[in-house]
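Working notes, structure below.
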Amino acid sequence: MKLTPNARFSTLCLHAGQEPDPTTGAIITPIYQTSTYVQQELGKHKGYEYARTQNPTRETLERNIAAIENGAQGFAFASGMAAIGAVATMLKAGDHVVVSDNTYGGTFRLFDKVLRRYQLSFSYVDTADLAAVERAFTPATRMLFVETPTNPIMRITDLAGAAAIAKRHDARLVVDNTFASPCLQRPIEFGADIVVHSTTKYLNGHSDSIGGVVVAVRADDIEWLRFIQNAEGAILSPFDSWLVLRGTKTLALRMAQHNANGMALALFLEKHTKVQHVYYPGLPSHPQHELAARQMRGFGGMLAFELGSLEAARHLLNNVKLLALAESLGGVESLISHPASMTHASVPEDTRQALGITDGLVRISAGLEDIDDLREDLTQALERV
Ligand SMILES: Cc1ncc(COP(=O)(O)O)c(C=O)c1O
């Protein structure tokens, strides 16, 4: 199980960061469910003192995700929001952040309702428009926080262009890579300084764990994030670390099927007479299709579509049988949701309208079911719209 330096992505997913357990040879990293570690004598221990600070299961996951994101060090947190919160501690009072306007609602809530109280300021811009990003920078800007593709409108930000702007202004580029996963897009390879994930989604992939991870490359960022992970203590549990480690082993395989089902559903919905518009970067009709094709290896399992009214959306959502009406995404099973009243309810209505998150917008996270079953379910539900 020795990896060569040029091991490919699916091999890294399976093996990176993992060694057979030193005690027994167990091929799977055990769940080290302990709060503390017995020391041999005063001042002498095996590198493990207290489990908020060090845990072998969590460390294995952190090495694994750092490798598959092509970063230097990973830090696992209790949720995606805890991971984003930890990244925010890299800022100081008076600092300014430029943020994708169509970011996840919970990220907006953290920035707008919590962090503004600590004298941080945020400008929300369409980061797909690099000229607008450049204009939003001020002398106080220390971070550019980008989500691409965005949730749920699937806008794409040019990562190399964003990294160049951040560098010119001596700011960090932070990319929330939850929607794409490192299988489809590795922002650090385009110049990002930090990648964050809600591991709740594709990395774990089985809808049975909440978690987050931060991957960093710069030594000073790594030092701070290690300090803050321990100081704030919002760590991922050993069991959840083990679940996500099991998830990343099949990431490449799962993403291939998410891509295939996402594309097939987008094509099906685009042709359907009851659907006004489909947002999916794999469609040639997507305004940034070429950029997505350049920057991503596959277009993923997330798509959104416009039905024109809340009533139409309600009829569809209440009549699907196989697709589950639920928040979240990136799991093996297909989910369907209403962003305006669910994931993005915390975004003010006028902002939602400006972003295209209308009352008639429906989002799908395409799972791994047989595509014919998914199409049949949507066909029968759309007949009732
Ligand atoms: C893009 C994105 N980032 C961050 C989060 C927050 O992650 P968590 O729910 O694990 O806290 C989510 C959750 O939906 C998300 O979709």
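First listed ligand is number 1; within each ligand, the first listed atom is number 1. Sequential numbering from 1 along the given sequence is applied to the chain's residues. Keep in mind that what you see is a predicted model, and the values were worked out from it rather than measured.
Atoms of ligand 1 found under 4.0 Å from any heavy atom of E147 (numbered from 1 in listed order, with element): 1 (C). Close contacts of ligand 1 with N151, meaning ligand atoms under 4.0 Å from a residue heavy atom, involve 16 (O). Within ligand 1, counting atoms from 1 as listed, the ones closer than 4.0 Å to a heavy atom of D176 are 1 (C), 2 (C), 3 (N), 4 (C). Heavy-atom proximity to K201, at under 4.0 Å, picks out these atoms of ligand 1: 7 (O), 9 (O), 12 (C), 13 (C), 14 (O), 15 (C), 16 (O). For ligand 1, the atoms sitting less than 4.0 Å from at least one non-hydrogen atom of S79 are 10 (O), 11 (O), numbered in the order shown with element in parentheses. Shown in contact with T200 at under 4.0 Å from a heavy atom are these atoms of ligand 1, numbered in order with element: 10 (O).
A salt bridge links R58 to E62: at least one charged side-chain nitrogen sits closer than 4.0 Å to a carboxylate oxygen. Salt-bridge formation is detected for the pair R297/E189: a Lys NZ or Arg NE/NH1/NH2 atom is positioned less than 4.0 Å from an Asp or Glu carboxylate oxygen. In this structure, R168 pairs ionically with E134, as a charged nitrogen and a carboxylate oxygen lie closer than 4.0 Å.
Checked by atom type, the side-chain pair E69/H197 shows a donor-acceptor distance below 3.5 Å. Checking T36 against E49 by side-chain atom types alone, no donor-acceptor pair falls below 3.5 Å.
At least one heavy atom of G211 sits less than 4.0 Å from an atom of ligand 1. Within the structure, the closest approach of E327 to ligand 1 does not fall below 4.0 Å when heavy atoms are considered.
At the shortest separation from atom 15 (C) of ligand 1 among protein heavy atoms lies Y104 CG, 3.6 Å. At the shortest separation from atom 11 (O) of ligand 1 among protein heavy atoms lies M81 N, 2.9 Å.
Ring centroid separation for the pair Y202 and H258 comes in under the 6.0 Å cut-off. Y124 and F108 have their aromatic ring centers within a separation under 6.0 angstrom.
For ligand 1, the polar-atom distance check against G80 finds a nitrogen or oxygen pair separated by under 3.5 Å.
Just one residue in the list D220, D193, D95 forms a salt bridge (Lys or Arg N to Asp or Glu O under 4.0 Å) with R172, and that residue is D220.
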